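For reference, the structure is listed below as structure tokens.
Heavy-atom basis, side chains included; hydrogens, waters and symmetry copies ignored. Predicted model, so just to flag it, every value in this text is computed and none were measured. Chain A is the first sequence line, chain B the second, and so forth, proteins listed ahead of strands; every chain is numbered from 1.
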There are 2 protein chains.
Amino acid sequence: MEPTRTAARTAGGRRDQILREAARLFAERGFHGVGVDEIGAAVGISGPGLYRHFAGKDAMLAELLVGISGRLHSAGRMRVAEADGAAAALDALVRGHIDFALDDRALIILHDRELDRLRDSDRKLVRQLQRQYVEQWVAVVREVHPGAAESEVRAAVHAVFGLLNSTPHLGPHGGLPGRSATAVLLHRLALGAFAALDSAHNREVTY
Amino acid sequence: MEPTRTAARTAGGRRDQILREAARLFAERGFHGVGVDEIGAAVGISGPGLYRHFAGKDAMLAELLVGISGRLHSAGRMRVAEADGAAAALDALVRGHIDFALDDRALIILHDRELDRLRDSDRKLVRQLQRQYVEQWVAVVREVHPGAAESEVRAAVHAVFGLLNSTPHLGPHGGLPGRSATAVLLHRLALGAFAALDSAHNREVTY
DNA sequence: CGACCACGTTAGCGGTCGTTAACACGGCTG
DNA sequence: CAGCCGTGTTAACGACCGCTAACGTGGTCG
């Protein structure tokens, strides 16, 4: 209740509120398609007032992209470390990624759509975090499906990311089942795709 | 060799050339991120010269998106009609979509990224073509995997689109296997994902 | 109380962008 | 040859956009 804490919390909350709205607008109409006045209007202030909280429009995007890549990466690392065995680790990775895809739809969209709009240093950082995240997956998937070549596994991981990230692109319109049902379905589809890696070199063997 | 034919072919070729370069640039930097001068420079003319071929920047995007949705839809219809049985039809749909994803990468990216930048009528047309294309897939997948509910199948189809469209997002940097190997891998992953639909209601039955 | 500070406001600058206007020029046609 | 048409040029306009400047205001603290 101390004024400093309250002020700090208010300021931080303000920043977060701005970031949330900016993410939504960027995802809807693209980074270049959104003006600072719109972002300001979305949080009740107007235009240049945003510059009390951020250095500029680019800085908002940078913070969003670095944030989501970092959270994906660190959450993945934690889930793998806590998992009991490779299969459980893959299960946890899939589950965690689905949570991100369903809960932070806007960020997932921005994450692979507006990366080029970043300053060089930020873009390098984001790309590095993305690469490390992919490598976490590749290591786990290779352990679960040892028969596949590494390049195949890497391509498969990217493909499964595309699969899991498909729901954000469906827009907010309904049509797909509830959240938990969607999560279960995506989980099953992802593991099914990975399972297809096993029939790579020895087709028609299990029949 | 007749002058009229040559002129017509040159004109049409010019339009196609502009559309190709515009698609590439739009995919790289986003619709709003590309200026008409850049598009013109990419084809050797400069800026406003484009207006001899298109009504405006929006018209180029519209023609690109309507074109790709239409080609996907009609090619899908043809492949399904020619296929012998549901499994073969699904196989042909997957194969055809992979061809588009690998050969028209820029258009695949634009196809679900810049749809909102279209005039209402064009957007409705594209969405209708997309919907019809999805329904082709849903019908075939339901035939191959009769156990799954329709909403599940529809979500799965969208997810597999995300999977198949993942390679364009990898950018032109290498790292993934050759074209035919990638095609085979994607094909396998897609069918693997759909196969997971069967273990929906009756898990652990086939063991 | 008075100074400061966090947080806004409005006005305006500089640059970019899509588009139009006016003009030029080579080739086909009557 | 005269004239049109397809295709391109440059100049410029109007709108928009990101950002800065200058100013206001209410709450906190010495």
Please give, in whole Å, the distance from [N] [atom2] to [X] [atom1]?
X	N	atom1	atom2	answer
I45(B)	dT10(D)	CD1	C1'	14 Å
L50(B)	dG6(D)	CG	P	18 Å
F26(A)	dG18(D)	CZ	C1'	12 Å
H53(A)	dT9(C)	NE2	C1'	13 Å
I39(A)	dG18(D)	CD1	P	8 Å
F54(A)	dC7(C)	CZ	C1'	14 Å
H32(B)	dG18(C)	NE2	P	10 Å

Distance check: side-chain N/O of R14(A) vs OP1/OP2 of dA6(C), anything under 4.0 Å?
-> no
Would you say the side chain of L64(B) lies within less than 4.5 Å of the side chain of L110(B), judging by non-hydrogen atoms?
-> yes
Checking all strands, does V43(A) fall into the base, sugar-phosphate, or nothing category for heavy-atom contacts under 4.0 angstrom?
->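 It contacts nothing in the nucleic acid.
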With heavy atoms under 4.0 Å as the rule, sort G49(A) into base, sugar-phosphate or nothing.
->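 Base, at least one base heavy atom under 4.0 Å.
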Among pairs that include at least one residue of residues 50-60 of chain B, which meet salt bridge (Lys or Arg N to Asp or Glu O under 4.0 Å), considering only residues two or more places apart or in two chains?
-> none
Return the polar atom pairs (N/O with N/O) between nucleotides 19-23 of chain C and the protein under 3.5 Å, or none.
unit_1  : atom_1 : unit_2 : atom_2 : d
dT19(C) : OP2    : Y51(B) : OH     : 2.3
dT19(C) : OP2    : K57(B) : N      : 2.9
dT19(C) : O5'    : Y51(B) : OH     : 3.1

Could I get the full list of salt bridge (charged side-chain N to carboxylate O under 4.0 Å, His left out) partners for R71(A), not counting sequence neighbours?
->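 Checked R71(A) against salt bridge (charged side-chain N to carboxylate O under 4.0 Å, His left out); zero matches.
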Residue set satisfying side-chain hydrogen bond (donor to acceptor under 3.5 Å, both in side chains) with H187(B), at least two apart, ordered chain then number -> D91(B)
side-chain hydrogen bond (donor to acceptor under 3.5 Å, both in side chains) with R79(A): which residues, sequence neighbours excluded?
->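 Here no residue qualifies.
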Residue set satisfying ring-ring contact (aromatic ring centres under 6.0 Å, His included) with F161(A), at least two apart, ordered chain then number -> H97(A), Y133(A), W137(A)
